[in-house]
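Chain letters run A, B, ... following the sequence lines, proteins first and then strands; every chain starts at 1. All of these numbers come straight from a predicted model, not from anything done at the bench.
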Number of protein chains: 2
Amino acid sequence: MAEYSPARYVVLGLIARHGAMTPYELKSRVEDDIQPFWPILHAQLYRIPAELAQAGLLREETETAGRRRRIFHLTAEGRAALERWLADPDTPEAETRDPAQLKLFFADLGAAADIVALATRQAERHRGWLAHYESLRADLDPAEDSRQRSRARLLRLGVLHERAHAEFWESVAADPDRLDD
Amino acid sequence: MAEYSPARYVVLGLIARHGAMTPYELKSRVEDDIQPFWPILHAQLYRIPAELAQAGLLREETETAGRRRRIFHLTAEGRAALERWLADPDTPEAETRDPAQLKLFFADLGAAADIVALATRQAERHRGWLAHYESLRADLDPAEDSRQRSRARLLRLGVLHERAHAEFWESVAADPDRLDD
DNA sequence: AAGGTATGGTCTCAATGAGATGGTGTCAAG
DNA sequence: CTTGACACCATCTCATTGAGACCATACCTT
């Protein structure tokens, strides 16, 4: 059932939500909104739409004006594929790659002081993200459209996630050997 | 300063901790302990040690007995590289790829009922991981060696992480439009 | 001795990562 | 009015990783 990789659905979804757009605009929107839970290299956002157009899920149009940018529109097949994907509650496992957790895992092989330095940096970093998500959430118009609600739901997860991690790293910095939650 | 990719340090670290081993044993240990924060394909655990041996960070030895497996030992340079890495508190950002968050992000483009089905599955999944980490933590010998303490620290993060996610998805399943934490 | 199962290893093709490179439109300062 | 500077926009290449097929050996059981 997973006919396409998740990055493909990011492209379909953004175009479905905001209307036809260029790869460059896709890139901006991915950076702003999607990077935290599905990073995509900018070059991919030129490769993927071209491929989806080949497959008939997008339609490619070239500007006649000056820059002759390529604009990608959603087709009916594209929308159908997106809706099939959304309707399937069975998704692959999440994957995390966190170099800081790796260093913490191997901390017993290094110097004891390394842990505190690492944890201090990580705590700062996660506090930063937490503040970022909270401010985005504060900016959200309470207008009750489903777009804003989708956004708010995910920002709530971002906040909970960053809060848990920030508190964890702070507690490691304060007491590396603490065992209780 | 990041001379090698994190996966390289996984190999160096496991050998530093447990002594010389074969790729197959690396594979088992990665699956058991490291997969949650740094997934590595098993084939990589045959490619990487060979490459590290080329670079002089490992020494390769071949069994004379029956199966003639390749056993990789840590060299002095290998240990030095590992320690340099551990001593550097500056690490790249964590990356997460979670298809479920992607579906939640685009939920407004699908049917309202999709959210509840998705959230229910995710809640189950995270509850499962939470139980897993808690049982691993319960099995941990309270013996005060630094190995066990390293393990315990990371399991604590696993527990906090899974608890936050499980609670989030449960609350989404119960009330998709809830806004407060 | 046959077959099953866990152990152990290699290979190939596709996809993505990482980032260098280069062109185009716009606007402000000279 | 023209020349940089800068933001916008796009493509390309090479290395690395992903995904998984495929194969071989040893041991254990019936």
Self-check item: Contacts of type side-chain hydrogen bond (donor to acceptor under 3.5 Å, both in side chains), residue E124(A), not counting sequence neighbours
Solution: none
Quiz prompt | Members of residues 12-33 of chain B that approach DNA chain D, where some heavy atom sits under 4.0 Å away | solution = none
Quiz item: By ring pair (Phe, Tyr, Trp, His ring centres under 6.0 Å), which residues pair with H132(A), not counting sequence neighbours?
Solution: W129(A)
Self-check item: Residue mapping more 5' on DNA chain C - nearest nucleotide basis, P39(A) or R68(A)
Solution: P39(A)
Quiz item: Side chains of T96(A) and R97(B): donor-acceptor distance under 3.5 Å anywhere?
Solution: no
Self-check item: Nearest-Å distance for atom pair CZ/C1', residues R70(B) and dA24(D)
Solution: 15 Å
Exercise. Any pair with a residue in residues 35-54 of chain B that passes salt bridge (charged side-chain N to carboxylate O under 4.0 Å, His left out), sequence neighbours left out, goes on the list, sorted by first then second residue, please.
Key: R8(B)-E51(B)
Exercise. Only counting residues at least two apart or in another chain, list the ones meeting side-chain contact (heavy atoms from CB on, under 4.5 Å) with A94(B).
Key: D98(A)
Quiz prompt | Closest non-hydrogen atom pair, A119(B) against V172(B) | solution = CB-CG1, 3.7 Å
Quiz item: Residues two or more places apart in sequence or in another chain: which of them pass side-chain hydrogen bond (donor to acceptor under 3.5 Å, both in side chains) with R121(A)?
Solution: D90(B)
Quiz item: Listed by chain and number, what are the salt bridge (Lys or Arg N to Asp or Glu O under 4.0 Å) partners of R163(A), not counting sequence neighbours?
Solution: E134(A), D181(B)
Practice problem: Would you please name every residue forming a ring pair (Phe, Tyr, Trp, His ring centres under 6.0 Å) with H42(A), sequence neighbours left out? | Solution: none
Exercise. Give every residue pair that meets the ring-ring contact (aromatic ring centres under 6.0 Å, His included) criterion with at least one member in residues 89-124 of chain B, sequence neighbours excluded.
Key: F37(A)-F105(B)
Quiz prompt | d(CZ, R69(B); P, dA26(D)) in whole Å | solution = 10 Å
Self-check item: Contact interval (first through last nucleotide) of DNA chain C with protein chain B, 4.0 Å heavy-atom
Solution: dT7(C) to dG17(C)
Self-check item: Value in whole Å for how far the C1' atom of dG18(D) lies from CD of E95(A)
Solution: 10 Å
Quiz item: Below 4.0 angstrom from OP1 or OP2 of dT17(D), is there any side-chain N or O of R8(B)?
Solution: yes
Quiz item: Taking atom C1' of dT11(D) as reference, at what distance in whole Å does atom CD of E51(A) sit?
Solution: 17 Å
Quiz item: Tell me, which of residues 42-49 of chain B have any heavy atom that sits under 4.0 Å from an atom in DNA chain D?
Solution: H42(B), A43(B), Q44(B), R47(B)
Quiz item: Within less than 4.0 Å of OP1 or OP2 of dG18(D), is there a side-chain N or O belonging to S5(A)?
Solution: no
Practice problem: Sequence neighbours left out, what pairs pass salt bridge (charged side-chain N to carboxylate O under 4.0 Å, His left out) with at least one residue falling in residues 16-28 of chain A? | Solution: R17(A)-D108(B), E25(A)-R29(A), K27(A)-E31(A)
